[in-house]
Amino acid sequence: MQLFYNPNITEQTESFFFDKEESKHIIKVLRKKDSDILFVTNGDGLLFETEITLASDNKCTVKIISVEKKAPSKYRLHLAVAPTKMNDRYEWFLEKATEIGIHEITPIICDRSERKVINKDRFDKIVLSAMKQSNECYLPKLNEAISLKEFLQQKTEGIHLIAHCEETDKKSLKSVIQKNQNTTILIGPEGDFSEKEIKIALDHSYIPVTLGNTRLRTETAAIVASHSVAFVNED
């Protein structure tokens, strides 16, 4: 199944049209024509089966044949990950974490961050493309970049974890993850969190964890965390 995206459609929608860019892709690249079937999601759990009624590369129009509500997962995974010095590494993380299954991502700016500015529009496109590629009907939420201090002031439910490389007492990630439990995990920059940042996180009731016996890059640590939580929550 090839999946398309339209955030504005609801269960009450009867027909709609794609924008010019998507219409051109559907008609010119994929060579779809009148009466062909397209599957579309609104990114909020709805999967629509649609039929092309006007195969125009400027305004491809479809009518909705049926709609299915996909059940949401019983847990939420929120990763707060420091942007990497090389953008392509962070983009790789966004793509793979979306494919694995993640619900929310917040880029956090830390004391040792070498990159403090992100291109959110580009990141949004990467997450959207990965959602469609993996035939997922829930679009992960990608937040604006904020400082770690600001992030820690936010109130979130569930288990709160910080993965760092300091030689202190830490629990293994697999020992603290719980099935069907909301989980927030902090992943630091290439130079790791500072001692001050770790202390502040612990003061906010974050549990220090290790992701394994080897030292991981930021983006690798984020993927390990994503997969570990998804694996524990498999039915």
Side-chain angles (χ1 to χ4, degrees), residues 1-79 81 87-107 118-145 219 222-223 226-227 229-231 233-235:
M1 178 180 73
Q2 184 164 19
L3 191 62
F4 298 88
Y5 174 69
N6 186 314
N8 302 314
I9 52 179
T10 69
E11 291 177 288
Q12 286 70 49
T13 303
E14 296 181 354
S15 66
F16 64 92
F17 60 88
F18 293 95
D19 62 26
K20 186 175 181 179
E21 181 179 354
E22 192 79 296
S23 295
K24 184 177 181 179
H25 178 70
I26 292 170
I27 305 304
K28 293 293 188 180
V29 179
L30 300 179
R31 300 188 180 280
K32 299 294 185 180
K33 56 188 182 300
D34 287 347
S35 300
D36 280 352
I37 300 298
L38 301 178
F39 290 93
V40 187
T41 182
N42 65 350
D44 196 30
L46 294 179
L47 178 64
F48 300 85
E49 182 180 2
T50 72
E51 180 182 335
I52 297 178
T53 56
L54 178 61
S56 166
D57 59 1
N58 286 315
K59 190 177 180 180
C60 180
T61 305
V62 299
K63 68 177 180 180
I64 293 177
I65 300 173
S66 64
V67 58
E68 177 184 357
K69 177 67 174 180
K70 296 291 185 178
S73 60
K74 297 178 181 178
Y75 73 100
R76 285 188 63 81
L77 172 60
H78 185 173
L79 286 189
V81 184
N87 255 330
D88 59 344
R89 294 186 180 277
Y90 204 83
E91 292 171 2
W92 178 84
F93 145 64
L94 292 173
E95 179 183 78
K96 301 311 175 187
T98 300
E99 292 177 13
I100 292 169
I102 194 171
H103 305 89
E104 189 169 357
I105 302 163
T106 301
I118 66 167
N119 185 339
K120 187 172 183 299
D121 287 342
R122 177 172 172 77
F123 284 1
D124 281 330
K125 290 178 181 178
I126 290 170
V127 170
L128 174 58
S129 178
M131 180 202 73
K132 293 192 294 184
Q133 189 278 329
S134 55
N135 285 334
E136 176 58 59
C137 292
Y138 285 92
L139 180 66
K141 181 182 180 183
L142 177 61
N143 298 313
E144 296 283 355
E219 69 278 9
I223 293 302
S226 299
H227 182 264
V229 174
F231 182 77
N233 281 278
E234 281 186 351
D235 292 328

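The residues of the chain are indexed from 1 along the displayed sequence.
In this structure, CG in L54 is found 9.0 Å from OG in S23, a value given to the nearest 0.5 Å. In this structure, I126 CD1 and F93 CZ are separated by 11.0 Å, a value rounded to the nearest 0.5 Å. For the atom pair F48 CZ and S66 OG, the distance stands at 9.5 Å (nearest 0.5 Å). Expressed to the nearest 0.5 Å, how far CG of L128 lies from CD of E95 amounts to 12.0 Å. Rounding to the nearest 0.5 Å gives a distance of 13.0 Å between OH of Y5 and OG of S129. Between L94 atom CG and E219 atom CD the span is 11.0 Å, to the nearest 0.5 Å.
Applying the salt bridge (Lys or Arg N to Asp or Glu O under 4.0 Å) test between D57 and each of K28, K32, K33, K20 identifies K28 as the sole match. Residue L38 forms a side chain to side chain contact (heavy atoms under 4.5 Å, CB included) with just one option from I65, L3, L30, I26, and that option is I26.
Atom NZ of K59 is surrounded by 12 or fewer heavy atoms from other residues, nucleotides or ligands within 6.0 Å. No more than 12 heavy atoms of other residues, nucleotides or ligands sit less than 6.0 Å from atom NZ of K141. A 6.0 Å sphere centred on CZ of F4 holds more than 12 heavy atoms belonging to other residues, nucleotides or ligands.
A salt bridge links R122 with E91; the closest basic N to acidic carboxylate O contact falls under 4.0 Å. Ion pair D121/K125 not flagged as a salt bridge, since none of the NZ, NE, NH1 or NH2 atoms sits closer than 4.0 Å to an Asp/Glu carboxylate oxygen. Contact check on K132 versus E22 returns a salt bridge, with a Lys/Arg side-chain nitrogen under 4.0 Å from an Asp/Glu carboxylate oxygen.
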Audit row: I64, E14, side chain to side chain contact (heavy atoms under 4.5 Å, CB included) steps and yes/no: CA-CA 5 Å; I64 293 177; E14 296 181 354; 6.0 Å; no

Pair M131-T41, side chain to side chain contact (heavy atoms under 4.5 Å, CB included): steps then yes or no: CA-CA 10 Å; M131 180 202 73; T41 182; 3.7 Å; yes

Side chain to side chain contact (heavy atoms under 4.5 Å, CB included) between W92 and I223, worked out: CA-CA 10 Å; W92 178 84; I223 293 302; 3.5 Å; yes

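In this pair, Y90 and F123 present their aromatic rings parallel. The plane angle is below 30°, not in the 30 to 60° band. Ring-plane geometry between F16 and F18 is classed as perpendicular, the angle between the planes exceeding 60 degrees on a 0 to 90 degree scale with a lower cut at 30.
Side-chain atoms of H103 come within 3.5 Å of backbone atoms of L77 as a donor-acceptor pair (strictly under, hydrogens ignored). Judged by distance alone, the side chain of N233 and the main-chain N or O of Y75 form no donor-acceptor pair under 3.5 Å. For the pair T13 (side chain) and T10 (backbone), a donor-acceptor distance under 3.5 Å is present. Distance alone, capped at 3.5 Å, is enough to place a donor-acceptor pair between the T53 side chain and the T61 backbone. Using modelled atom types, no side-chain atom of D36 and backbone atom of I52 make a donor-acceptor pair closer than 3.5 Å.
Using a 3.5 Å distance cut-off with no hydrogens or angles, the side chains of E99 and S134 do not pair a donor with an acceptor.
With contacts defined as side-chain heavy-atom distances shorter than 4.5 Å, the pair V62/V40 does not qualify.
Nearest heavy atom pair, residue I27 against residue S56, reads CG1-O, 3.6 Å.
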